[in-house]
Number of protein chains: 2
Amino acid sequence: MRYSQQRETIREIVYSTNTHPTADWIFGRAKRTIPNISLGTVYRNLKCLEEMGELRTIFDGSIARYDWNMDPHDHLKCKVCGDLFDVQLMDEGIQSTVRKKYKFEVDNVEMTIVGTCNKHKEK
Amino acid sequence: MRYSQQRETIREIVYSTNTHPTADWIFGRAKRTIPNISLGTVYRNLKCLEEMGELRTIFDGSIARYDWNMDPHDHLKCKVCGDLFDVQLMDEGIQSTVRKKYKFEVDNVEMTIVGTCNKHKEK
DNA sequence: TATTTATATAGTAATCATTCCTATTACTAT
DNA sequence: ATAGTAATAGGAATGATTACTATATAAATA
């Protein structure tokens with residue numbers, strides 16, 4: 001894979017935030033540095049970066065978000081503000097339970113917990 | 001909400017399978033009974049049925065699938081054949097852990113476990 | 001350094017799932 | 001049966017993502 005300023009810029013943008021940005025948000029940021037970058041370039045490079053193990057795709061409903069945190073972790077999704085927060089809940093038991101009970105080889109567990117974050121406490 | 005044959009047909013189709021069908025699959029099936037049903041009607045009624053508590057939407061990557069099983073349960077997704085299987089893993093501990101540790105009110109936990117189902121055992 | 005070769009890009013068109021719009025149809029209460 | 005209203009069919013619009021293609025550029029070579 002050949003170096004490109006575009007890919008490096010996209011990687012830096014994803015790594016600079018913990019907001020799990022969408023392709024469109026990344027596109028908007030990238031234009032500040034490379035004004036004529038195209039959205040197709042953003043998508044293509046996000047896919048490359050995923051294959052390189054530099055980031056992973058998470059789905060928030062039907063739209064893709066990109067996460068630089070490659071450690072096993074889950075997400076809290078606030079139904080009020082829509083924010084996604086990283087959490088470490090990894091229950092090692094799940095993997096072996098699933099293997100034994102359902103004869104299913106686990107690659108990875110994707111868990112999103114939907115609710116209300118502490119910014120929206122009722123008085 | 002007024003009765004309609006379309007909504008009833010759609011409900012029966014979702015309830016007749018455990019394949020977690022997509023809107024398009026449901027549309028194809030519904031056409032057998034109501035040849036001139038439209039895709040918009042399928043989507044609108046799936047949303048109605050969800051609001052009525054008759055089914056729920058789950059996301060498989062970026063596409064919506066519909067599930068008549070309203071009991072709390074999770075899904076195993078086979079990366080080989082793409083099938084989604086229902087599983088009961090519900091760990092009651094997650095809810096209280098998340099509430100205490102992250103001050104987050106949990107509404108529901110969406111977990112998909114990706115791996116390989118037992119139809120694809122290597123010899 | 002200049003030349004070559006191949007890969008990445010910009011820009012645009014195409015695709016796909018889903019939602020929106022509107023004139024028409026059909027339940028249901030009177 | 002009729003009026004009133006909610007649901008429908010059909011098609012257009014939207015939004016995210018992917019595909020296409022001529023041009024630009026990284027990097028290997030002379």
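Lettering follows sequence order; numbering is per chain, from 1. These figures come from a predicted structure and were not determined experimentally. The figures here come from the full heavy-atom set of this structure, side chains too, leaving out hydrogens, waters and symmetry mates.
Of the candidate nucleotides C:dT18, C:dA10, C:dA8, C:dA8 has the atom nearest to the side chain of A:Arg7. Checked against C:dG11, D:dT17, C:dA17, the side chain of B:Ile63 finds its nearest nucleotide in C:dA17. Minimum atom distance to the side chain of B:Ala64 is reached by C:dT18, of the listed D:dT18, C:dA10, C:dT18.
Dashed line: the shortest gap from a side-chain N or O of A:Gln5 to OP1 or OP2 of D:dT25 is not under 4.0 Å. OP1 or OP2 of C:dA8 has not a single side-chain nitrogen or oxygen of A:Ser4 nearer than 4.0 Å. Checking the phosphate oxygens (OP1, OP2) of D:dA9, a side-chain nitrogen or oxygen of B:Thr41 falls inside 4.0 Å. At C:dT19, one or more side-chain N or O atoms of B:Lys47 fall inside 4.0 Å of OP1 or OP2 (strictly under the cut-off).
The interatomic distance linking B:Leu46 (CG) with C:dT19 (C1') rounds to 13 Å, in whole Å. Rounded to whole Å, atom C1' of D:dA9 lies 13 Å from atom CD1 of B:Ile10. Distance, B:Lys31 NZ to D:dG10 C1': 12 Å, rounded to whole Å. Separating the OH atom of B:Tyr43 from the P atom of C:dC16 is a distance of 13 Å, rounded to the nearest angstrom. Distance CD1 (B:Ile34) to P (C:dT25): 17 Å, rounded to an integer number of Å. The CZ atom of B:Phe27 sits 11 Å away from the P atom of D:dG11 (whole-angstrom rounding). Atom-to-atom, CD1 of B:Ile26 to P of C:dT18 comes out at 10 Å; the value is rounded to the nearest Å. Atom CD1 in B:Ile37 sits about 17 Å away from atom C1' in C:dT24, given to the nearest Å.
Of the residues near DNA chain C, A:Asn36 and B:Asp24, the one whose nearest nucleotide (by heavy atom distance) lies more toward the 5' end is A:Asn36. Between B:Gly40 and A:Ala23, the one whose closest nucleotide on DNA chain D sits nearer the 5' end is B:Gly40. Mapping A:Met1 and B:Thr22 onto DNA chain C via the closest heavy atom, the residue that lands nearer the 5' end is A:Met1.
Summarising the geometry of B:Pro35 relative to B:Thr33, their closest heavy-atom pair is CD-O, 3.5 Å, with the distance given to 0.1 Å. The minimum heavy-atom distance between A:Arg56 and A:Asp71, with the atom names listed, is NH2-O, 3.8 Å.
One finds no salt bridge joining A:Lys47 and A:Glu50 here, because no Lys/Arg side-chain nitrogen approaches an Asp/Glu carboxylate oxygen to under 4.0 Å.
In DNA chain C, runs of at least 3 consecutive Watson-Crick or G-U pairs, each pair with both distances below 3.5 Å, span C:1-30 with D:1-30.
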B:His75 and B:Asp86: CA distance, side-chain angles, deciding distance, side chain to side chain donor-acceptor pair (under 3.5 Å) verdict
CA-CA 5 Å; B:His75 295 101; B:Asp86 287 355; 3.2 Å; yes
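One N or O donor and one acceptor, one from the side chain of B:Arg2 and one from the base of D:dT5, sit under 3.5 Å apart.
Panel note: side chain B:Arg7, backbone B:Arg2; a donor-acceptor pair is recorded below 3.5 Å.
With sequence neighbours excluded, the residues forming a salt bridge (Lys or Arg N to Asp or Glu O under 4.0 Å) with A:Asp83 are A:Lys119, listed by chain and number.
Residue contacts for B:Leu39: at a heavy-atom cut-off of 4.0 Å it reaches a base atom on one of the strands shown. Nucleic acid contact for B:Tyr3: sugar-phosphate only, since backbone atoms but no base atoms lie under 4.0 Å from a heavy atom of the residue.
Considering only heavy atoms from C-beta on, B:Phe104 stays 4.5 Å or farther from A:Asn118 through its side chain.
If you chain together ILVMFWY residues whose side-chain heavy atoms come under 4.5 Å of each other, B:Met1 ends up grouped with B:Ile10, B:Ile13, B:Val14, B:Tyr15, B:Trp25, B:Ile26, B:Phe27, B:Ile34, B:Ile37, B:Leu39, B:Val42, B:Tyr43, B:Leu46, B:Leu49, B:Met52, B:Leu55, B:Tyr66, B:Trp68.
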